2 protein chains.
Amino acid sequence: MTKSPSETSYHHKDLRQSLIKAALELIAQKQDASTLSLREVARRVGVSNAAPYRHFADKDALLAAVAEEGFHILTRCLNSSIEKASDDPLEQLQASGIAYVKFAISHPSHYRVMFSAFKADNLCYPPLNAAGEEAFAVLMDAIANGQQAGKIQGGETQQLAWVTWSLVHGLAMLLIDHQLTITDEQDIVSVAELATQSLINGMKAKTP
Amino acid sequence: MTKSPSETSYHHKDLRQSLIKAALELIAQKQDASTLSLREVARRVGVSNAAPYRHFADKDALLAAVAEEGFHILTRCLNSSIEKASDDPLEQLQASGIAYVKFAISHPSHYRVMFSAFKADNLCYPPLNAAGEEAFAVLMDAIANGQQAGKIQGGETQQLAWVTWSLVHGLAMLLIDHQLTITDEQDIVSVAELATQSLINGMKAKTP
DNA sequence: ACCTGAACACCGTTCAAGT
DNA sequence: ACCTGAACACCGTTCAAGT
């Protein structure tokens with residue numbers, strides 16, 4: 001009986017993917033992702049301290065891969081919330097904003113890693129950049145739809161999308177870091193509704 | 001000539017205050033405050049690794065003191081922006097929002113330390129909590145003034161303040177972390193104006 | 001080609017010992 | 001009372017050496 005390479009303590013089928021998976025599992029268990037160590041990830045996979053360096057340039061590169069995965073999941077959450085909403089572009093925009101906040105509070109540590117890894121001006125991790133822009137594009141498209149339907153004020157679509165992103169990102173961060181005195185899940189959704197409702201109201205096209 | 005205690009390599013006049021000051025200086029120099037080490041702070045003050053532990057329980061306690069100082073400065077910035085504004089409560093609210101974002105981008109590392117240290121539900125550092133609430137109270141008062149003047153919709157003042165805080169905090173964080181493709185100082189102010197203008201517009205009392 | 005073992009330069013933190 | 005020196009248990013990262 002010769003063991004297959006994947007069963008020995010030596011070769012792994014795909015150590016790269018195993019490391020990302022282990023990092024995700026450890027991050028999900030922690031309330032503070034900054035305490036995650038590369039050695040800890042290696043230990044969980046059952047590999048030496050140095051092994052990850054065959055697949056990632058450094059710790060940041062692994063976290064970038066983890067962040068990329070997070071943006072893909074976020075994009076799916078946002079798209080699915082829009083599909084579930086009505087045909088009204090304004091309701092779609094609000095639904096995606098609420099879904100955004102819900103995603104963040106459901107995966108707090110993962111969300112923090114996403115936003116400590118993602119830099120719009122940094123071209124070190126192109127797939128991460130693409131994943132981040134893909135998620136942002138959902139918000140931006142929702143606003144563009146509202147503008148084309150004449151329900152949102154015209155003009156700088158990108159700037160309005162930045163403003164919307166700021167609102168949901170800020171609320172998400174304050175909630176994740178326990179900087180608002182809210183704990184009840186329903187109260188969180190209420191504030192998210194008030195926030196998105198207020199901003200969208202303020203961005204509405206002026207009815208003649 | 002006997003040297004005074006403050007001049008020997010041994011006693012300091014006020015090592016506690018010197019450590020906070022050194023930490024602030026080091027943080028101001030760094031773009032990433034998470035790389036700040038306690039040993040580095042001790043080295044800059046010219047004291048042993050263990051010395052800080054006579055004045056702070058641990059590294060977090062020093063960072064809490066640094067964060068507290070940050071919230072005091074922020075409070076002064078917000079109040080001063082309101083004093084400079086017109087009598088209109090809505091303009092005062094917008095001015096404080098813009099001042100908030102300007103403070104954050106002027107002291108990015110300090111701002112990050114403030115929001116990684118401050119926890120509304122954590123009573124470990126009461127002075128930090130008080131300083132954080134003091135800054136938040138400026139925003140909340142501005143909104144309450146707008147409500148009393150009949151210019152902002154009535155109801156949950158605290159929730160509206162949370163929403164406003166979310167907007168400026170989110171914009172601040174996205175700017176600090178270079179997640180928006182803006183670098184020009186004037187463009188930043190433009191977005192901050194658009195953001196605060198849009199939200200305030202959406203929170204306005206309905207004119208009969 | 002892929003991984004290990006051992007090493008280097010750092011941490012945060014503790015504690016006996018010095019003044 | 002306040003600080004030092006040395007130690008402990010951790011890191012991230014590198015590199016010769018193993019398979």
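Side chains are part of it too, since the values below use all heavy atoms of this structure and drop only hydrogens, waters and symmetry mates. Everything quoted here is computed from the prediction, not taken from an experiment. Sequence lines set the chain letters: A, B, ... in the order given, protein chains first and strands last, and positions in each chain run from 1.
Considering only side-chain atoms of A:S37, the nucleotide from D:dT13, D:dC3, D:dC11 that sits closest is D:dC11. Minimum atom distance to the side chain of B:Y53 is reached by C:dG12, of the listed D:dG12, C:dC11, C:dG12. The A:R39 side chain lies nearest to D:dC11 when the options are C:dT4, C:dC15, D:dC11. In the set C:dG5, D:dT4, C:dC2, C:dG5 carries the atom at the smallest distance from any side-chain atom of A:A50.
Ring geometry, B:H169 versus B:Y111: the interplanar angle falls from 30° to 60°, so the pair is classed tilted.
Not one side-chain nitrogen or oxygen of B:R16 sits closer than 4.0 Å to the OP1 or OP2 atom of D:dA1.
Among residue pairs with one or both ends in residues 160-188 of chain B, those qualifying as salt bridge (Lys or Arg N to Asp or Glu O under 4.0 Å) are B:R112-B:D177; sequence neighbours excluded. Counting only residues at least two apart or on different chains, no salt bridge (Lys or Arg N to Asp or Glu O under 4.0 Å) pair has a member in residues 131-148 of chain B.
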Dot-bracket encoding of pairs in DNA chain C, which uses [ ] for pseudoknotted crossings and | for another strand, Watson-Crick or G-U under 3.5 angstrom: ||.|||||...|||||.||
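Taking atom CG of residue A:L38 and atom P of nucleotide D:dT14, one finds them 11 Å apart after rounding to whole Å. A:H55 has its NE2 atom 16 Å from the P atom of D:dT13, to the nearest Å. Computed from coordinates, the B:E40 CD to C:dG12 C1' distance equals 14 Å when rounded to whole Å.
In the region residues 57-68 of chain B, proximity to DNA chain C at under 4.0 angstrom, judged on heavy atoms, holds for B:D58, B:K59.
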Show me the donor-acceptor pairs within less than 3.5 Å that the side chains of residues 51-65 of chain B make with the rest of the protein, sequence neighbours left out.
unit_1, atom_1, unit_2, atom_2, d
B:D58, OD1, B:D60, N, 3.4
B:D58, OD1, B:A61, N, 3.1
B:K59, NZ, B:L36, O, 2.8

Only pairs under 3.5 Å count here: list side-chain donor-acceptor contacts from residues 118-132 of chain A, not counting sequence neighbours, and write none if there are none.
unit_1, atom_1, unit_2, atom_2, d
A:N122, OD1, A:C124, N, 2.6
A:N129, ND2, A:A120, O, 3.4

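Take A:H107 and apply the ring pair (Phe, Tyr, Trp, His ring centres under 6.0 Å) test, not counting sequence neighbours, and it matches A:F103. In this structure B:S34 satisfies the side chain to side chain donor-acceptor pair (under 3.5 Å) test together with B:D32, sequence neighbours excluded. B:K21 pairs by the salt bridge (Lys or Arg N to Asp or Glu O under 4.0 Å) definition with B:E25, not counting sequence neighbours.
Mapping A:N49 and A:R54 onto DNA chain C by nearest heavy atom places A:R54 closer to the 5' end of the strand.
Checking side-chain atoms of A:Q179 against main-chain N and O of B:F115 turns up a donor-acceptor pair under 3.5 Å.
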